[in-house]
Protein chains: 2
Amino acid sequence: MTLDVREHNLDSSRLDILRAAATCFMERGYAAASIDEVARSLGATKGRIYHHYPSKADLFADVFRTGMDMNYEAIAPYRDLAGPALPRWRRMAFAHVMQMITTRAFQRAVWIGVEMHLRGATTPEQRTVFNELIAYRSAYGDVFRETLRQGRAEGVFFYEDLSITNQLMFMTLNSPIFWYSPRSGETLADIEHLATQVVDFAEGGLVTRKEQAA
Amino acid sequence: MTLDVREHNLDSSRLDILRAAATCFMERGYAAASIDEVARSLGATKGRIYHHYPSKADLFADVFRTGMDMNYEAIAPYRDLAGPALPRWRRMAFAHVMQMITTRAFQRAVWIGVEMHLRGATTPEQRTVFNELIAYRSAYGDVFRETLRQGRAEGVFFYEDLSITNQLMFMTLNSPIFWYSPRSGETLADIEHLATQVVDFAEGGLVTRKEQAA
DNA sequence: TGATGAACATACTACCGGGTATGTTGTCAA
DNA sequence: TTGACAACATACCCGGTAGTATGTTCATCA
């Protein structure tokens, strides 16, 4: 319950549990996913999971945290690029979408976590851990948010409300976690092509000058 | 279990149940929402709900269906407008977004239902009812889809893959069901202003010509 | 080599929630 | 007036699941 954001000891057994848990949470949702099922998918039993995690909520939190770690890592090469906002945004957005596709299960869990937080579907004990996670994810959103702000200042992005626009942009970039499903014989190029279409759509939403008239 | 899509007898008692159920499903999700809680929020008990619905799944199905009914009704005045695709699309999209905001609980339930179907989180008995509902919602999506196709033929919309674009567009238009929350003192004009920003973003995603080069 | 603890499995408890069976009350028609 | 039925409430059953308590195995180290 007091796992620090930065200190994971990701031995391979824990990693296996995390992957299995992410998949279960993705397929069933938080409430419907059972610890027994996660264990079964590993060919193990509850004992293994409760040996590593004190509760279901803590397991879920670790999946969430790991998913966010992956996202930070994905945009790390681009977030501090100097220069105009648009090319930096494109690189970050593309990396983000690729992450959504390639680590879908974890990203879905992140989504579920955010939803639970927004709905207040957390017990007081979970609140502390959850608030930390939400802040972690919030800071990630702010990286994009700042780029949006810069882009507007440069006159390449057009929008009224920064918060709403950031929401809309993330909705688009995150959307593959819902509708993407891997096809047999799919190459990396295929996935990148997909991601490009997603980024293009989002970019269009940002760069288009809107008329003032109703 | 064999409620026809078109034949509702929406007496007021059932309507109250539907509204309460929609709210609970929105706040907790399908699995975590309990019949007891729905009843409690009505100042009643399970007996009332099971008198009207044979199962939780059937109750949920009716919420889903009612939500979709509202959507069809919302775009009805515009869907058969003659003329260019863009203005028709804007009217439909705006009406759709307004629906997402004003009937949020029902629309959230629809989303949950679609998600459950995509994940295959349905028992064989539910399948029949669910397939019908998904088809109902699919036909609704096709109304927009057809407009997107026409818009591309007219040279005002630019995109590669119709299915993906339709997904991205709906993701944007539906997004208020996640991040919108009513503010005190909010007027209809405020909500319409919000909806306009959402539609603008989506329109930008559709009308922007994308470069061929990688 | 014996002891210790990590890494699990097994067995069990407590509780919650879907569903059912049955009781109760008001209404309306004959 | 009564009886029949709709519209619930009450009481109960039962399967599933989070969490716990305890047993077991294996490696490591003094």
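Below, chain A is the first sequence line, B the second, and so on; all start at residue 1. Scope of the values below: all heavy atoms of this structure, side chains included, with no hydrogens, waters or symmetry mates.
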Rounding to an integer number of Å, can you tell me how far [X] [atom1] sits from [N] [atom2]?
X     : N      : atom1 : atom2 : result
B:L59 : C:dG17 : CG    : P     : 16 Å
A:L42 : C:dA7  : CG    : C1'   : 14 Å
B:R48 : D:dA6  : CZ    : P     : 17 Å
B:R40 : D:dA9  : CZ    : P     : 13 Å
B:I35 : C:dG18 : CD1   : P     : 5 Å
A:I49 : D:dT17 : CD1   : C1'   : 13 Å
B:D36 : D:dA11 : CG    : C1'   : 13 Å
B:F25 : C:dG18 : CZ    : C1'   : 12 Å

Does A:H52 have a side-chain nitrogen or oxygen under 4.0 Å from the phosphate oxygens OP1 or OP2 of C:dA6? no
Under 4.0 Å from OP1 or OP2 of C:dC8: is there any side-chain N or O of A:S13 that close? yes
Assign A:A32 to base, sugar-phosphate, or nothing according to its heavy-atom contacts below 4.0 angstrom with the strands shown. nothing
What does B:A57 touch in the nucleic acid at a heavy-atom separation under 4.0 angstrom: a base, only the sugar-phosphate, or nothing? nothing
Give me the atom names and distance for the closest heavy-atom approach of B:G205 to B:K210. O-NZ, 2.8 Å
Testing the 3.5 Å rule here: is there a donor-acceptor pair between the side chains of B:Y136 and B:D69? yes
Criterion side chain to side chain contact (heavy atoms under 4.5 Å, CB included) on A:Y180 and B:I164, from CA distance to verdict: CA-CA 9 Å; A:Y180 171 78; B:I164 293 178; over 6 Å; no
5'-most contact on DNA chain D: A:S34 or A:G47, nearest heavy atom basis? A:S34
Residue [X], side-chain heavy atoms: nucleotide from [options] that is nearest:
X     : options               : value
A:H51 : C:dG19, D:dA18, C:dA6 : C:dA6
A:K56 : D:dA18, C:dG19, C:dA9 : D:dA18
B:Y50 : C:dT20, C:dA9, D:dA9  : C:dT20

So, under a plain 3.5 Å distance rule, would you say the side chain of A:K46 forms a donor-acceptor pair with the base of D:dA18? yes
Would you call A:R137-A:E132 a salt bridge at under 4.0 Å N-O? no
Crowded around A:R152 CZ? As in, over 12 foreign heavy atoms under 6.0 Å? yes
